[in-house]
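Within every chain, numbering begins at 1; the chains are lettered A, B, ... in the order of the sequence lines, protein sequences first and strands thereafter.
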Amino acid sequence: MSWWHRLASPTRFMSYSAWVLPIAGWLAAGCIGVGLALGLFASPADYQQGETVRIMYVHVPAAWMALFCYSAMAASSAGYLIWKQPLAELATRATAPVGACFTAIALVSGSLWGQPMWGTWWVWDARLTSALVLFFLYLGYMALAEAFDDPTRGGKAASILALVGFVNVPIVKFSVDWWNTLHQPASVVKLDGPAIDPAMLVPLLLMAAGFTFYAVAVVILRLRAMVLERKIQALQRQLAEAR
Amino acid sequence: MTGAFLAIVGRDLRLAFRRGGDTGSVVAFFVITVTLFPFGVGPEPNLIARIAPGVLWVAALLAATLSLDRLFRADHEDGSLDLLALSPLPLEVLVLAKTLAHWLATGVPLLVATPLLALLLNLPLQGWGVLLAALALGTPSLSLLGAIGAALTLGVRRGGVLVALLVLPLAVPVLIFGVAAVDAALMGLPATTPLMALGGLLLAALVLAPWAAAAGVRLSLES
């Protein structure tokens, strides 16, 4: 058995996740706490945008996490469909609402940021529209996963959908870019180094790390609950058969 | 393989046309949806002509989505899908044949109804050719994307609404390039780029969608 086969066995998962969960939780609390303190009080206001730039410390990491969670879902769906790892399917299911929440946070905080900057709550701009489509894809995944009476079938069908969506997301992204754009281009991940002051970059990256640890902690928590739920269901079935 | 492929296309087309209701109701839905827009936005001719490409595309997209429920469901419920899957024909090819039949039975009638609606919406004549070309390239992509949704929701009670939720976000690129082509033609610009993009989307969907849809059908046959 390779290392990830062992990592993915539910019993093993329950033992190591009990260790990882508090670590990820405390790291999330620490990073978000320090990041928020630096971002809200220690970092300078933007020379153009003033104090509203501080919305960035929530908005940008949330948008990154929205994409990161969807990629993670696609990866674990592939893991499930190719190697038939039952835990991978549960992981996809556990990640979906977390990713949907981050997408919603990115959309709402972006809207709150857009009002003072662009003078409107919503514009049909490329970034906003593709984030909205991503949100719909999350909703579609969750609706399909819950639509079947048999959870295994729901998991399989939804895993296929997650992969189809993953292929389509870049296409949606580029077609929408081509359609209309007002949003500023990427300024952190660039070939010639970030175009952002370290005083802003440090809290931004801390918040991103904190959001990632938070997502890991919540997914593990949900996953543990799901594994236990399946175990209870199995025990109930045994009990019913024994009677 | 060609013979079996054509046999399935022929069977599905005969079923669709002899039952009659499918094609008729899809076209009727398309026409009625489009005629609702002048009531919604007011009868001002310039405004209606301005929004005509978008209205026609959105109505075509909705009409195509509405008909997806019939793509696999009837065959799934009466067990023909199990028998078809037993044939030596690969399931991907079977899905492609059924999707082609679906497009011929619902997509092509939409194309036929489009000039009449373009007339009603005062769409300038120079946009007609491109509109039809764009719909001819775009509606097969919609059928292929829809086949994925239809296959994945097999066995779901009240799957119709769910299919729309799954398929409509994926159809955004087709809509964008479809409307862009007509808008370019109306402004007197060459519509080649968006039409080529639509063709590219169709080719990509043609290669990838049968796989995903066949995986969905296989899943429904397991249980």
(message) Quick check on side chain to side chain contact (heavy atoms under 4.5 Å, CB included): which of B/Leu168, B/Val172, B/Leu170 does A/Val133 satisfy it with?
(response) B/Val172
(request) Have a look at B/Pro169 and tell me which of A/Leu132, A/Leu134, A/Leu137 forms a side chain to side chain contact (heavy atoms under 4.5 Å, CB included) with it. (result)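 Result for side chain to side chain contact (heavy atoms under 4.5 Å, CB included) with B/Pro169: A/Leu137.
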(message) Using every non-hydrogen atom in the two residues, find where A/Ile160 and B/Ala212 come nearest and quote the distance to one decimal.
(response)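 For A/Ile160 and B/Ala212, the tightest heavy-atom pair comes out as CG2-O, 4.0 Å.
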(message) Restricting to non-hydrogen atoms, name the atom on A/Ala143 and the atom on B/Leu165 that form the minimum distance, rounded to 0.1 Å.
(response)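 Shortest heavy-atom contact: CB-CD2, 3.7 Å.
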If you draw a 6.0 Å radius around [atom1] in [X], do more than 12 non-hydrogen atoms from other residues or ligands fall strictly inside?
X	atom1	value
B/Trp128	CH2	yes
A/Phe148	CZ	yes
B/Phe5	CZ	yes
B/Arg50	CZ	no
A/Met14	CE	yes

Return the [atom1] to [atom2] distance between [X] and [Y], rounded to the nearest 0.5 Å.
X	Y	atom1	atom2	answer
B/Leu166	A/Phe136	CG	CZ	13.0 Å
A/Thr129	B/Ile176	OG1	CD1	7.5 Å
A/Arg153	B/Leu152	CZ	CG	10.0 Å

(message) Is B/Leu208 close to chain A through its backbone or its side chain, or both, or neither, when contacts mean heavy atoms under 4.5 Å?
(response) side chain
(request) Answer with side chain, backbone, both or neither: which region of B/Ala215 has an atom nearer than 4.5 Å to a non-hydrogen atom of chain A? (result)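 Backbone plus side chain of B/Ala215, per the 4.5 Å heavy-atom cut-off to chain A.
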